[in-house]
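First up is the structure itself, then whatever we jot down about it.
Each chain gets a letter, A, B and so on, in the order the sequences are listed, and its residues count up from 1. Here the structure is a predicted model, which means the values were calculated and not measured.
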Number of protein chains: 2
Amino acid sequence: MSEKIATIEDVARHAGVSIATVSRALHKPDVVSETTREKVQTAITATGYTANVMARNLRLNRSGMILLLVPDIGNPFFSAILSGIEKGASQAGYNVLIGDTQNDPEREATYAAYLRSNQADAMILLNGRLPASLANAPANATPPVVVACERIPGCALPTVIIDNDEASFIANRHLTDLGHRRIAHVSGPSGNILTIDRVTGYRRALEAAGIAHDPSLIYRGDFSIDSGIAAGRALLGDPKTRPTAVSCASDGMAIGVIVAAKEYGLRIPQDVSVVGFDDIPHAAAYDPPITTVRQPRRRLGEQAITLLLDRLGSKGLHDSRDTGPVIIPTELIVRQSSGPCPTL
Amino acid sequence: MSEKIATIEDVARHAGVSIATVSRALHKPDVVSETTREKVQTAITATGYTANVMARNLRLNRSGMILLLVPDIGNPFFSAILSGIEKGASQAGYNVLIGDTQNDPEREATYAAYLRSNQADAMILLNGRLPASLANAPANATPPVVVACERIPGCALPTVIIDNDEASFIANRHLTDLGHRRIAHVSGPSGNILTIDRVTGYRRALEAAGIAHDPSLIYRGDFSIDSGIAAGRALLGDPKTRPTAVSCASDGMAIGVIVAAKEYGLRIPQDVSVVGFDDIPHAAAYDPPITTVRQPRRRLGEQAITLLLDRLGSKGLHDSRDTGPVIIPTELIVRQSSGPCPTL
DNA sequence: ATTGAAAATGAAAACGTTTACACAGAGGGT
DNA sequence: ACCCTCTGTGTAAACGTTTTCATTTTCAAT
């Protein structure tokens, strides 16, 4: 009595037609006669038939799966991006398989192999590193891969990013505009392209204001709250060398810097201004609300999947002559963690 | 010159053996002779062969996919749970397909159909609702489904949860122990089982302290920061009726309540104590650091996948006589948002 | 009636695997 | 020499679809 699952053959037998007709009734209804279509329809409901997707995919040589490589699902930063991608993908009939790479190149390679083994039709990279198997792709037929979130230097794949350099420039210019001249920067981990671009923007802004670069004012964090606390303690401990403003490469680190500042009894923004990056939901609810660069993460995800679907839609030869990356605009959100430079 | 992908047949031809032997060399190495194994091995590297997973899955009638239904990927609350599940699944050779249901029963049904159509071997429910197709499953052979995060009343499926009632009881007893007698509760949306259980714990704690229940002290939120702000404004506006403590069903709402309290110039915890729920990373870095119930989310995910893999491992008949849900212990983390009841 | 095109259907090949079955050769015991 | 067991391999059948191609049916125009 073990409920065997119905196959297309069961439907065919039940409807008194061939399996080919059943298949056609489902996928090319216009080519099959009204009456048979109905017979098939009733047979389907009678048997409770659901097409075996794997068999179909084998035949069609596709998987209906889009592979999404993220460095860490646990990081809420990616949540909204995922959400945007998932929405677009499911509208187009694709499923999104999320691969958590933990920044491990081996895991990245494992997942990238899914493309070859037909487990995925396409891939979106959120982790800013190109799996080795893609690195030496022929230039005239790029694989169906889109890079999002972090640009990969020297990589011709379609890319969607924000202009980190410019966004950081604007955030730091906001501080120089407020009269600050001793401005520290808490960056991301070294090697990270985000880190590099945001440091560049920071330095450009200071230079534009005629401020000499002081390497001791750059603290290397890792985007986490804890590293922000460490940065704050390191930068704000000595009243003699203390900057009057700190720009951070993430909101989490900005929060950490503020926590450390409060430990020293410093008031934000009267004694020290702090700006963050990303505009996570908690930035607005913090005390004080944090001035930050809003990064439209959902939009970024949507753009990425749009780019990919375009790519998949137009089957055929694909030139890697890239039209340049798609740039999602950012916005400086001024809240109360930044204010005029205190007069000494 | 379009790089055709190598099949098992290419390997066989290249190695001068049959495809059966190639397959065996890969999956049952002990049954094939040393020399042929080597020949096959070199042939594989020579051709760059990767097995077509879809063909294998069709043959084996499995998908290697575990479907994970979440109400909203965009919600960082789930991030750590996902992460725990993903870890366990990938160790066992499964992939995790995340289905974002947006709390839409139709989408839930769509995804649940994946089980029938062989797109997924098993399912984990994080959304606290049983898709209709599973509701009337035969009692002696439950489908390979595990419920996590929210228990589903009257559902015999394997379940892993925290004891929300008891956790909420302990959080609120913490407040009564501090001498508070007028304690408000900011709950989740109505109908939600988490809401119900946490309200129950709240009421039990007050009752245990001999405090009469006052329905006007329960405010219905939706777990978000904004709803917490609204709750705070509603509860703390009138000095005459103001509670001295507020317990919240999420950390986000606790943050919102604190934001509102500060608007009224109230000090935390001198004027009003606030406790949260979940222990999200931001709870510890808030000002003041928030007393809350730590929910080991990663552990919860790990338990869920463990349960599921057990279930998958022991193929055969499965009795739905449930051994009762697995309960993950919680922990009250006392920080500085809660303190003694102010003497009037 | 006959023809011929158009419409509807069925038979069978393919997609790339795994595996049940059969079979050949190699020893080892009588 | 014979039989018997092992070991290693190949043949071919499945898995459930989609689709090409050929065939049948329909039906309007002669």
Side-chain angles (χ1 to χ4, degrees), chain A residues 3-41 43-44 47-65 93 113-121, chain B residues 3-41 43-44 47-65 93 113-121:
Chain A
E3 279 275 8
K4 199 78 180 66
I5 228 158
T7 80
I8 200 176
E9 199 173 344
D10 300 326
V11 177
R13 189 168 29 240
H14 196 282
V17 299
S18 76
I19 60 172
T21 303
V22 175
S23 178
R24 276 188 290 251
L26 286 172
H27 302 292
K28 309 195 165 111
D30 45 329
V31 87
V32 75
S33 84
E34 175 73 24
T35 59
T36 29
R37 222 182 317 159
E38 279 165 5
K39 273 191 298 184
V40 168
Q41 204 42 254
I44 283 178
T47 54
Y49 169 72
T50 332
N52 182 324
V53 176
M54 249 157 9
R56 154 183 305 153
N57 286 348
L58 172 59
R59 178 58 225 255
L60 297 182
N61 193 32
R62 54 158 255 161
S63 66
M65 204 68 79
Y114 282 27
L115 276 187
R116 282 193 72 76
S117 60
N118 281 349
Q119 270 192 101
D121 297 337
Chain B
E3 279 275 9
K4 199 78 179 69
I5 227 159
T7 82
I8 199 176
E9 198 172 343
D10 299 328
V11 177
R13 189 167 30 242
H14 196 281
V17 298
S18 77
I19 61 172
T21 302
V22 175
S23 178
R24 277 189 289 252
L26 286 171
H27 302 292
K28 309 196 164 108
D30 45 331
V31 88
V32 75
S33 83
E34 176 72 24
T35 58
T36 28
R37 220 180 321 157
E38 279 164 4
K39 271 190 299 182
V40 168
Q41 204 43 253
I44 284 179
T47 54
Y49 169 72
T50 332
N52 182 325
V53 177
M54 252 162 2
R56 155 184 303 155
N57 286 347
L58 173 59
R59 178 59 226 257
L60 297 182
N61 195 33
R62 54 158 255 162
S63 66
M65 204 68 82
Y114 282 27
L115 277 187
R116 284 191 70 77
S117 60
N118 282 349
Q119 271 193 100
D121 297 338

What's the [atom1]-[atom2] distance between [X] and [N], to the nearest Å?
| X | N | atom1 | atom2 | answer |
| --- | --- | --- | --- | --- |
| B/Glu34 | D/dG8 | CD | P | 10 Å |
| B/Ile5 | C/dG16 | CD1 | P | 9 Å |
| B/Arg24 | C/dT17 | CZ | P | 15 Å |
| B/Asn61 | D/dA14 | CG | C1' | 12 Å |
| A/Ile8 | C/dG10 | CD1 | P | 12 Å |
| A/Asp10 | D/dC15 | CG | C1' | 14 Å |
| B/Arg13 | D/dT9 | CZ | P | 19 Å |
| A/Arg62 | C/dG16 | CZ | P | 16 Å |

Please work out if [X] contacts a base, only the sugar-phosphate, or nothing of the nucleic acid, heavy-atom cut-off 4.0 Å.
| X | answer |
| --- | --- |
| B/Ser23 | base |
| A/Val53 | nothing |
| B/Asn52 | sugar-phosphate |

Please confirm whether the shortest side-chain N or O distance from [X] to OP1 or OP2 of [N] is below 4.0 Å.
| X | N | answer |
| --- | --- | --- |
| B/Thr21 | D/dT9 | no |
| A/Lys28 | C/dA8 | no |
| B/Ser33 | D/dT7 | no |

### Query
For A/Ser18 and A/Ala12, which heavy atoms make the closest approach, and how far apart are they?
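Looking at all heavy atoms of both residues, the shortest contact is C-CB, 3.8 Å.
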
Nearest listed nucleotide, side chain of [X], among [options]:
| X | options | answer |
| --- | --- | --- |
| B/Arg56 | C/dT17, C/dG16, C/dG10 | C/dT17 |
| B/Val32 | D/dT9, D/dC15, D/dT11 | D/dT9 |
| B/Thr36 | C/dG16, C/dT17, D/dT9 | D/dT9 |
| B/Ala51 | C/dG10, C/dT17, C/dG16 | C/dT17 |

### Message
Counting distance alone, no hydrogens or angles: does the base of D/dG8 have a donor or acceptor under 3.5 Å from a partner atom on the side chain of B/Arg37?
### Response
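There is none.
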
### Query
Quick one: does B/Asp10's side chain get under 4.5 Å of B/Arg13's, heavy atoms only?
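The answer is yes, as the side chains (C-beta and beyond) meet within the 4.5 Å cut-off.
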
### Task
Please examine the side chains of B/Thr7 and B/Asn52, heavy atoms only from C-beta on, and report whether any two atoms are closer than 4.5 Å.
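They are not in side-chain contact.
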
### Query
If you find the nucleotide of DNA chain D closest to B/Val17 and the one closest to A/Met54, which residue's nucleotide is nearer the 5' end?
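Nearer the 5' end of the strand: B/Val17.
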
### Message
Nearest heavy atom decides the nucleotide; on that basis, is A/Leu26 or B/Leu60 closer to the 5' end of DNA chain D?
### Response
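The residue whose closest nucleotide sits nearer the 5' end is B/Leu60.
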
### Task
Take A/Asp30 and A/Ile19, find for each the nucleotide of DNA chain C with the closest heavy atom, and name the residue whose nucleotide sits nearer the 5' end.
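On the 5' side of the pair lies A/Asp30.
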
### Message
So, taking the atom named OH in A/Tyr114 and the one named CE in A/Met65, what distance separates them when rounded to the nearest 0.5 Å?
### Response
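Answer for the OH-CE pair, A/Tyr114 versus A/Met65, is 10.0 Å.
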
### Task
Among B/Thr36, B/Thr35, B/Asp30, find the one that has a side chain to side chain contact (heavy atoms under 4.5 Å, CB included) with B/Val32.
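When side chain to side chain contact (heavy atoms under 4.5 Å, CB included) is applied between B/Val32 and each of B/Thr36, B/Thr35, B/Asp30, only B/Thr36 qualifies.
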
### Polar side-chain atom of A/Ser117 near backbone of B/Ala51 as donor-acceptor pair, under 3.5 Å
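A pair under 3.5 Å: no.
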
